[in-house]
**Student:** 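Please see the structure below; I have some questions.
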2 protein chains.
Amino acid sequence: MADRKTVRGTPIKTPVGEQDGIDFSIIELFFFAYRDFTSDPDEILADYGFGRAHHRVLHFVNRRPGLTVAELLDVLKITKQSLARVLKQLIDTDHIVQLPGPRDRRQRELYPTEKGRALALALARPQSRRIHTALGDSGLGNRASIELFLKAMVNPELRAQIDILPANPTQKRSGDDDGEH
Amino acid sequence: MADRKTVRGTPIKTPVGEQDGIDFSIIELFFFAYRDFTSDPDEILADYGFGRAHHRVLHFVNRRPGLTVAELLDVLKITKQSLARVLKQLIDTDHIVQLPGPRDRRQRELYPTEKGRALALALARPQSRRIHTALGDSGLGNRASIELFLKAMVNPELRAQIDILPANPTQKRSGDDDGEH
DNA sequence: AAAATATGTCAGTATTGTTGACGTATTTTT
DNA sequence: AAAAATACGTCAACAATACTGACATATTTT
């Protein structure tokens, strides 16, 4: 048998691009942007021996204090076991506490402690700074457009998860004086 | 000694929010958007027994045909071993071929085959569609703003990796041509 | 000839995810 | 009250993707 068991295809030397009818520039930008966006908290987490999974749990418990394990699983779209490990660590290190559900005592409502709140804020701070800078660079009037765009990128049936969160109630903030420019 | 081997902190019941000076809404939207953005190709990849790592390699080899292993490692920011596995699979399945570098024969230039090009396009198609829809939903005039924003989210020192790509007409590969003789 | 470089590979490990099964406490249904 | 369903925790086994460190080979540079 000659070395023909795999008939190698011919190398293509022209780059793919927009002419193929596909929005490669934004696809790629999204990849790079998210990579760097997550790199900021990753460095902090490393000091705690935590990973990105811990960050996500911490984030949502801080955003929706009192949410149950089942709700958290639904938001994160992971399995019980994946959550169990990181949640246990966060509870053991006193970043999160569990309280029995008031109506249904089988449920465990998850709350951040002072320590957990502080860590969540510390993790979010560099991300928020990056976003703020990026908004400045791209024109400060774009905030609404960016929000709309990102929200439209989410699967429609899952947008409910976002709307529940206390993101929009007092979005006014007009004339807010955090102007770096 | 009551159960105080760990003195648990008090549960905090108020959600974090923008009043903490942090842009939680966009942080969260970015998370959800990227999660769903990557879920489209993930489903296709599963049919091939491939994962997200294969997708990234395939993407950049198609975007920059002829890039070397070292360049690919630099773009992906992973180690040689992490790349080795997925690259080997992609070569064995004839999605990518290697050619010795013309100037330096130690290098392996990576090129997509017809098959690899087709898969890259198939993976990018639903992502592009999602982007297009989202741009439509958020106002069609926002494309430039979105691009600027995403680019500004990338670490400045790494933006060069993006500029090299054939997204913009200023694609000038420096150095002596690698001409096909 | 020696050193440096580009790549490939091996061995071992960590993190984060998966599926499936089972136990316990609690609530709901019968 | 007994049975079934539910919420959660946990165990065992496994898979994908990353990591570090070491070493081999071919090739280029010094």
**Student:** Which other residues end up in the same hydrophobic cluster as L148(A), if Ile, Leu, Val, Met, Phe, Trp and Tyr are linked when side-chain heavy atoms come under 4.5 Å apart?
**Tutor:** none

**Student:** Name all residues meeting the side chain to side chain contact (heavy atoms under 4.5 Å, CB included) criterion together with A120(A); count only those two or more places apart in sequence or in a different chain, and write none if there are none.
**Tutor:** L58(A), N62(A)

**Student:** For residues 112-141 of chain B, pull every pair meeting ring pair (Phe, Tyr, Trp, His ring centres under 6.0 Å), keeping only residues two or more places apart or in separate chains.
**Tutor:** none

**Student:** Listed by chain and number, what are the ring pair (Phe, Tyr, Trp, His ring centres under 6.0 Å) partners of F31(A), not counting sequence neighbours?
**Tutor:** F60(B)

**Student:** Heavy atoms within less than 4.0 Å of DNA chain C: which residues of residues 36-46 of chain B have one? Give them sorted by number.
**Tutor:** none

**Student:** Only distances under 3.5 Å count here; give the side-chain donor-acceptor pairs of residues 73-86 of chain A to other protein atoms, sequence neighbours excluded, each with its distance to 0.1 Å.
**Tutor:**
unit_1	atom_1	unit_2	atom_2	d
K77(A)	NZ	D74(A)	O	2.8
T79(A)	OG1	S82(A)	OG	3.3

**Student:** Is E147(A) paired with R143(A) through a side-chain N to carboxylate O contact shorter than 4.0 Å?
**Tutor:** yes

**Student:** Quick check on the helix from dA1(C)-dT30(D) to dT30(C)-dA1(D): what's the angle between its two end axes, five base pairs per end, to the nearest 10°?
**Tutor:** 20°

**Student:** Please determine if a side-chain N or O atom of Q98(A) lies less than 4.0 Å away from the OP1 or OP2 oxygen of dG9(D).
**Tutor:** yes

**Student:** So which pairs with a foot in residues 111-133 of chain B pass salt bridge (Lys or Arg N to Asp or Glu O under 4.0 Å), sequence neighbours left out?
**Tutor:** D40(B)-R130(B)

**Student:** With R108(A), which residues qualify under salt bridge (charged side-chain N to carboxylate O under 4.0 Å, His left out), at least two apart?
**Tutor:** none

**Student:** Share the residues that join Y111(A) in a hydrophobic cluster, the rule being Ile, Leu, Val, Met, Phe, Trp or Tyr side chains under 4.5 Å apart at the heavy-atom level.
**Tutor:** V97(A), L99(A)

**Student:** What string of B, S and - do you get for nucleotides 14-21 of chain C, 5' to 3', if B is base contact, S is sugar-phosphate-only contact and - is no contact with any protein heavy atom under 4.0 Å?
**Tutor:** --BBBBBB

**Student:** Each nucleotide N or O in nucleotides 27-30 of chain C that has a protein N or O under 3.5 Å away: list the pair and distance.
**Tutor:**
unit_1	atom_1	unit_2	atom_2	d
dT27(C)	OP1	R105(A)	N	3.1

